[in-house]
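Because the structure is a prediction, the values reported are computed rather than measured.
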Amino acid sequence: MVIFFYIPESYIARVLTAACEENGNICTVFPDLNALCTAFTNMIEKPDLVVLDYRLFNHAVFNPYRYLQTFNHMTPLIFYNDPFPEPQRRARHWECTLQTLYFDSFKPESYRSVFSTIAQTVESEQLLPYIPLLQPARTVPSTPIVVPAAPESTIRKTPEQVKTTCKLHDTAYTLLQIFYTLRDKACSVSAFKHELEKTRRPLSIKTIYAHIARLRAQLTAHPELHMNIINTTDGYRLLCL
């Protein structure tokens, strides 16, 4: 049987081809995918099997089996490190896949021996630890995993505490109190203007923007507060990180 391989890791390619050649197969390892495609296109007699790395394609976008149909020769193709099959069922998975895709043109009895050889080699201690996509998940430790505690929510800090930390002037402090009253809701600049003018002389919209920007700068200058003011489609909102 003639087998084409393209596997980026040279060590894995050498071990797999050696195992196949011991059983009388003729193996060719290609240095890159373009070389393999060029050889495949120019050959009249196609190989009996193509073995590839599963990571070569975005399988949601490119279907290599459809690509092979353009040559009017459905050469059996498998991915040696396909992550889907369970251990010990790899050879059967390849056989079922090709039977589903190729129907009567695929003769499974002709491939069971080489599939078994490749699967056993893939699962061997010599190779398995080095194969991408086939590493088992690490066991969860028996001792509890310590998750760092999240910083205490700054909403628990009173406006007075924030005022002291940031040294806020009266207008900024009043703005902060409005933000605290609203909690997670946004407030428009015109609403801020209305609230501030209850105890102050009339303020321009431009002045309101300046006060909000200054308060934001004072809050972000103290990262230990984990606070910021964000601009939303509905206005400004106090964000407690």
Side-chain angles (χ1 to χ4, degrees), residues 1-103 105-141:
M1 183 174 290
V2 176
I3 308 174
F4 282 5
F5 285 84
Y6 174 55
I7 299 173
E9 290 79 15
S10 59
Y11 170 74
I12 296 173
R14 287 199 306 271
V15 174
L16 284 176
T17 54
C20 291
E21 288 172 346
E22 284 182 2
N23 294 330
N25 299 293
I26 301 172
C27 301
T28 301
V29 179
F30 289 85
D32 56 61
L33 192 58
N34 286 334
L36 186 151
C37 292
T38 299
F40 192 91
T41 303
N42 295 332
M43 290 179 66
I44 297 176
E45 291 292 330
K46 306 300 183 185
D48 300 295
L49 177 65
V50 176
V51 180
L52 298 179
D53 189 309
Y54 193 84
R55 301 168 301 165
L56 292 176
F57 315 111
N58 179 341
H59 292 255
V61 176
F62 178 72
N63 186 329
Y65 298 102
R66 287 186 179 176
Y67 174 75
L68 289 174
Q69 286 180 339
T70 62
F71 296 96
N72 296 318
H73 188 286
M74 292 298 287
T75 300
L77 181 152
I78 64 172
F79 297 97
Y80 86 97
N81 58 340
D82 188 329
F84 177 76
E86 298 177 359
Q88 313 305 322
R89 295 181 61 84
R90 196 168 305 281
R92 179 60 179 161
H93 167 73
W94 292 330
E95 182 179 323
C96 290
T97 299
L98 294 175
Q99 281 183 309
T100 301
L101 293 170
Y102 293 12
F103 301 105
S105 64
F106 175 69
K107 307 299 180 184
E109 61 277 2
S110 301
Y111 287 84
R112 284 174 184 153
S113 176
V114 70
F115 283 177
S116 177
T117 298
I118 296 174
Q120 290 176 15
T121 307
V122 165
E123 298 292 340
S124 68
E125 293 183 4
Q126 180 186 10
L127 208 56
L128 185 60
Y130 309 103
I131 296 180
L133 301 182
L134 300 187
Q135 304 311 308
R138 297 178 62 182
T139 303
V140 177

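Scanning all heavy atoms of the two residues, the minimum distance from Gln88 to Glu123 falls at N-OE2, 4.4 Å. Of all non-hydrogen atoms in Thr117 and Ala19, the two that sit nearest each other are CG2-O, 3.7 Å. Across all their heavy atoms, Leu134 and Asn81 have their closest contact at CD2-O, 3.8 Å. Across every non-hydrogen atom of Met74 and Leu68, the tightest pair is SD-C, 4.2 Å.
Put simply, the side chain of Phe115 reaches to within 4.5 Å of the side chain of Leu98, judged on heavy atoms.
Applying the 6.0 Å contact sphere to CD of Glu86 captures no more than 12 heavy atoms from other residues, nucleotides or ligands. The 12-atom threshold is exceeded at OH of Tyr65, counting heavy atoms of other residues, nucleotides or ligands nearer than 6.0 Å.
Of the possible polar contacts, one joining the Asp48 side chain to the Val2 backbone as a donor-acceptor pair under 3.5 Å is found. For Tyr11 (side chain) and Leu127 (main-chain N/O), no donor-acceptor pair under 3.5 Å exists by modelled atom type. Between the side chain of Tyr102 and the main chain of Lys107, no donor-acceptor pair closer than 3.5 Å is present. Not one N or O on the side chain of Tyr6 forms a donor-acceptor pair closer than 3.5 Å with the backbone of Val50. A donor-acceptor pair under 3.5 Å links the side-chain atoms of Asn25 to the main chain of Cys20, judged by distance alone. Here the side chain of Ser116 pairs no donor or acceptor atom with the backbone of Arg112 at under 3.5 angstrom.
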Next item on the list: Begin from the C-alpha positions of Leu77 and Tyr67 and carry the test side-chain contact (heavy atoms from CB on, under 4.5 Å) through to its verdict.
Entry: CA-CA 11 Å; Leu77 181 152; Tyr67 174 75; over 6 Å; no

Note to self: Applying ring pair (Phe, Tyr, Trp, His ring centres under 6.0 Å) to Phe106 and Tyr111, what does each step give before you reach the verdict?
What the structure shows: CA-CA 9 Å; Phe106 175 69; Tyr111 287 84; 5.2 Å; yes

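Below 30°, between 30° and 60°, or above 60°: for Tyr54 and His59 the angle between ring planes is below 30°, a parallel geometry. Note on ring orientation: taking the six-membered ring where Trp is involved, the planes of Phe62 and Phe57 are tilted (angle from 30° to 60°).
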Show me the side-chain donor-acceptor pairs of residues 32-43 shorter than 3.5 Å, one per line, residues at least two apart or across chains.
from	atom 1	to	atom 2	distance (Å)
Asp32	OD1	Asn34	N	3.1
Asp32	OD1	Ala35	N	2.7
Thr38	OG1	Asn34	O	2.9
Thr41	OG1	Cys37	O	2.7
Asn42	ND2	Thr38	O	3.2

